Amino acid sequence: MNNIALGRYMPLNSSVHRMDPRAKILILLLLMIAIFIPAGVFGYVAIGLFILFSLMISKLKISYALRAMKPIFWMMIFLLVVNVLVIKTGTPWIQWGWFTVYSDAIYQTLYIVVRLMFMIVLTTILTATTKPLDLTLGIEKLLKPFEKIGVPAHIIAMMISIALRFIPTLIEETQRIMNAQASRGVDFENGGLKEKVFSILSLIVPLFVSSFDRAEQLANAMEARGYDPNKKRTRYKVLKMTGLDIVGMTGSICILGICIFICITKIGM
Amino acid sequence: MDAIRVNHLSFSYDGQTDVIKNVSFSIPKGSYTTIIGHNGSGKSTIAKLLIGLMEPKTGTIEILGKELNEASLYELRDHVGIVFQNPDNQFIGSTVADDIAFGLENHCVPQKEMQTIIEESAKKVGMQDYLNSEPTKLSGGQKQRVAIAGILAIEPEIIIFDESTSMLDPQGKASINKQIKALHSQKDRTILSITHDMEEVAQSDFVIVLKDGVVRLTGTPMEIFEHEKELEEMKLDIPFALKISKKLVDENITDKKVCTLDEVVDQLWQLK
């Protein structure tokens, strides 16, 4: 459980760490849009190279980003199985008695997996290089214009920040409960489906109870320190855009432009 | 002038069974008061009522002469700070500096003044070298010291400690108790500590003993420790130092019972 990388802040000294959180969020959004544009192999290569470059300058290890993908491994396998069973178009690649694996099934799975991987790595870079409170501030500032139409920008930002702040705490809590239940004979590794469901229940129920308890205690601590979401507050951190933020955003706009161009002209598809 | 005055306070979680029953007490300004009692006696409930996190069923609470109600709640919270039991569940910031800044942001302290206040508050609790540290990198005692720094930053006149040392190791416990004592000696600050630690109780000026939501005993630590049997019934013990002191008096080695370890050492030193 302690190896889960998604959502964890990594205190390193890199240029990505020093970037304005607003710029990082905007870059993430632009690249997320680009990922969902059907831009073929060239489009994905462009996005992939941009992500790889970001990963390098953020000083995060590739193994760290790969670790973030660990939780979706079984989902990828499940997707492959479903696609192989359902999709019956394209060139037959493997024939095994009555069972045939078609090329489209593999391509479709690969597309989904690559998209998911890109999204997870991008989110990991954002959360690993941005402190939760900076992220909150960035989201709040970006949503500020929408307050006029009733979007509770600060409340949304605070909720996200607290959720991110508590990821490591909840991971530790999960590990503690798993150890406690294992010491009482619960087997999380072996057993049939029924046993697995019961073992997971024995983990989830106390985890929910303790999470609600934590939430109440945190709310009390925040309120006792004078927090009122509807009251005016000053901010300790002041955000400032630098040249690197502009370069990053321009880069992601270019990637999005390339993907749209490929999608419209069908070049290389 | 009383820092806190509680008049005929009652409270119920379910609207039927009262967990606080017609409680009245007052805490003088600048005093160090402790509230003790067995688990479920209503100690933490009183702390939450004093900070306005829950509304009393009946009775009133006055903070620095002003009644605590919906209208005065936020104003009075500027004067009262609270440190809770679990250090993990009160750490809001992603670093020590961010966490200390949280209260300042809520109290609309200008951004330019924040850095100095943060540094000064961290220094008071010996956490000045950890300003950029994350909560996961700190020990329980260090997290509690950060929580105290967060409270000190807003300079409240009253600080409530709600079993703040109960989840700490002996070293962390000793460090926080030392901190509480130091805070009390500074600036005529009122300290209210809810605790199970009888060594801490021995250091306070005034003690309130709760049993099943009712105030059973009030007085100085020595007056309270005289009721040894009653304390035992409430699953409370007298401090170890007092036990030694009693034995010394029984053996005619010393002539006066004392309840802190420092006092026992002083007595023995004088014998020499």
Side-chain angles (χ1 to χ4, degrees), chain A residues 2 7-13 17 21 127-137 140 154 158-173 176 210-239, chain B residues 44 47-48 50-54 73-95 97-115 117-118 131-137 143 147 150-154 156 159-160 162:
Chain A
N2 286 324
R8 272 196 183 186
Y9 173 69
M10 292 288 288
L12 299 169
N13 184 21
H17 281 76
T127 53
T129 61
T130 321
K131 290 175 189 164
L133 269 195
D134 293 348
L135 203 61
T136 316
L137 196 57
E140 194 180 336
H154 171 68
M158 185 53 88
M159 274 160 45
I160 297 169
S161 159
I162 290 173
L164 290 172
R165 148 76 184 87
F166 272 85
I167 288 174
T169 312
L170 290 179
I171 289 171
E172 276 170 27
E173 183 85 353
R176 238 194 321 265
S210 82
S211 301
F212 282 120
D213 188 41
R214 270 183 198 281
E216 197 194 336
Q217 287 183 40
L218 183 74
N220 283 342
M222 288 171 78
E223 213 182 310
R225 286 171 75 181
Y227 179 71
D228 179 354
N230 302 312
K231 241 175 70 177
K232 201 177 162 256
R233 303 172 79 223
T234 49
R235 299 308 292 242
Y236 171 49
K237 292 242 168 85
V238 179
L239 300 180
Chain B
S44 291
K48 284 179 189 157
L50 291 179
I51 195 89
L53 291 172
M54 299 185 300
L73 183 65
Y74 281 96
E75 188 202 326
L76 288 175
R77 272 187 191 158
D78 290 348
H79 305 285
V80 190
I82 184 164
V83 180
F84 289 99
Q85 189 178 21
N86 191 337
D88 274 319
N89 298 346
Q90 48 190 324
F91 212 112
I92 295 137
S94 50
T95 62
D98 288 341
D99 195 71
I100 299 172
F102 181 76
L104 297 173
E105 291 175 330
N106 297 334
H107 287 83
C108 287
V109 173
Q111 195 261 342
K112 282 179 185 171
E113 293 169 25
M114 281 189 196
Q115 192 58 37
I117 301 173
I118 290 167
L131 285 175
N132 293 316
S133 300
E134 292 174 75
T136 46
K137 301 276 186 303
K143 281 181 203 165
I151 300 298
L152 288 180
I154 50 171
I159 305 181
I160 302 170
D162 183 8

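The chains referred to below are lettered A, B, ... by the order of the sequence lines, with proteins before strands, and numbering in each begins at 1. Note that the structure is a prediction, hence the values are computed from the model and not measured. Side chains are part of it too, since the values below use all heavy atoms of this structure and drop only hydrogens, waters and symmetry mates.
Of the atoms belonging to A:D228, heavy atoms from both backbone and side chain fall under 4.5 Å from chain B. Both the backbone and the side chain of B:I92 come within less than 4.5 Å of a heavy atom of chain A. Using a 4.5 Å cut-off between heavy atoms, A:I162 makes no contact with chain B at all. Only the side chain of B:E134 comes within less than 4.5 Å of a heavy atom of chain A; its backbone N, CA, C and O stay farther away. For chain B, the nearby parts of A:K131 are the backbone and the side chain; heavy atoms of each come within less than 4.5 Å. Both the backbone and the side chain of B:D99 come within contact range of chain A, with heavy atoms under 4.5 Å apart. Interface remark: B:I151 contributes side-chain atoms only to the contact with chain A (heavy atom separation under 4.5 Å). The contact between B:I100 and chain A is made entirely by backbone atoms, counting heavy-atom distances below 4.5 Å.
Listed here is the closest heavy atom pair of A:K231 and B:Y74: NZ-CD2, 3.8 Å. Across B:N106 and A:G226, no two heavy atoms sit closer than the pair CB-O, 3.4 Å.
For the options B:R77, B:K112, B:Q115, heavy-atom pairs under 4.5 Å to chain A are most numerous at B:R77. Taking chain A as the reference chain and counting heavy-atom pairs below 4.5 Å, the highest number among B:Q85, B:M114, B:Q90 is found for B:M114. Most heavy-atom pairs under 4.5 Å with chain A: of the set B:G81, B:C108, B:A97, this distinction falls to B:C108. Options B:H107, B:Q111, B:K48 differ in how many heavy-atom pairs under 4.5 Å they form with chain A, and the most are formed by B:Q111. Comparing B:F84, B:F91, B:F102 by how many heavy-atom pairs each has under 4.5 Å with chain A, the most go to B:F102.
Counting heavy atoms from C-beta on, the side chains of B:D88 and A:F166 never come closer than 4.5 Å. Residues B:I154 and A:R225 fail the side-chain proximity criterion, which asks for heavy atoms closer than 4.5 Å. Contact check for A:E216 versus B:L53: no side-chain heavy atoms found under the 4.5 Å cut-off.
Taking CG of B:L104 as the start and CZ of A:R233 as the end, the distance is 10.5 Å to the nearest 0.5 Å. For the atom pair CZ of A:R214 and CG of B:N86, the computed distance is 6.0 Å after rounding to the nearest 0.5 Å. Expressed to the nearest 0.5 Å, how far CG of A:N220 lies from CG of B:N89 amounts to 10.5 Å.
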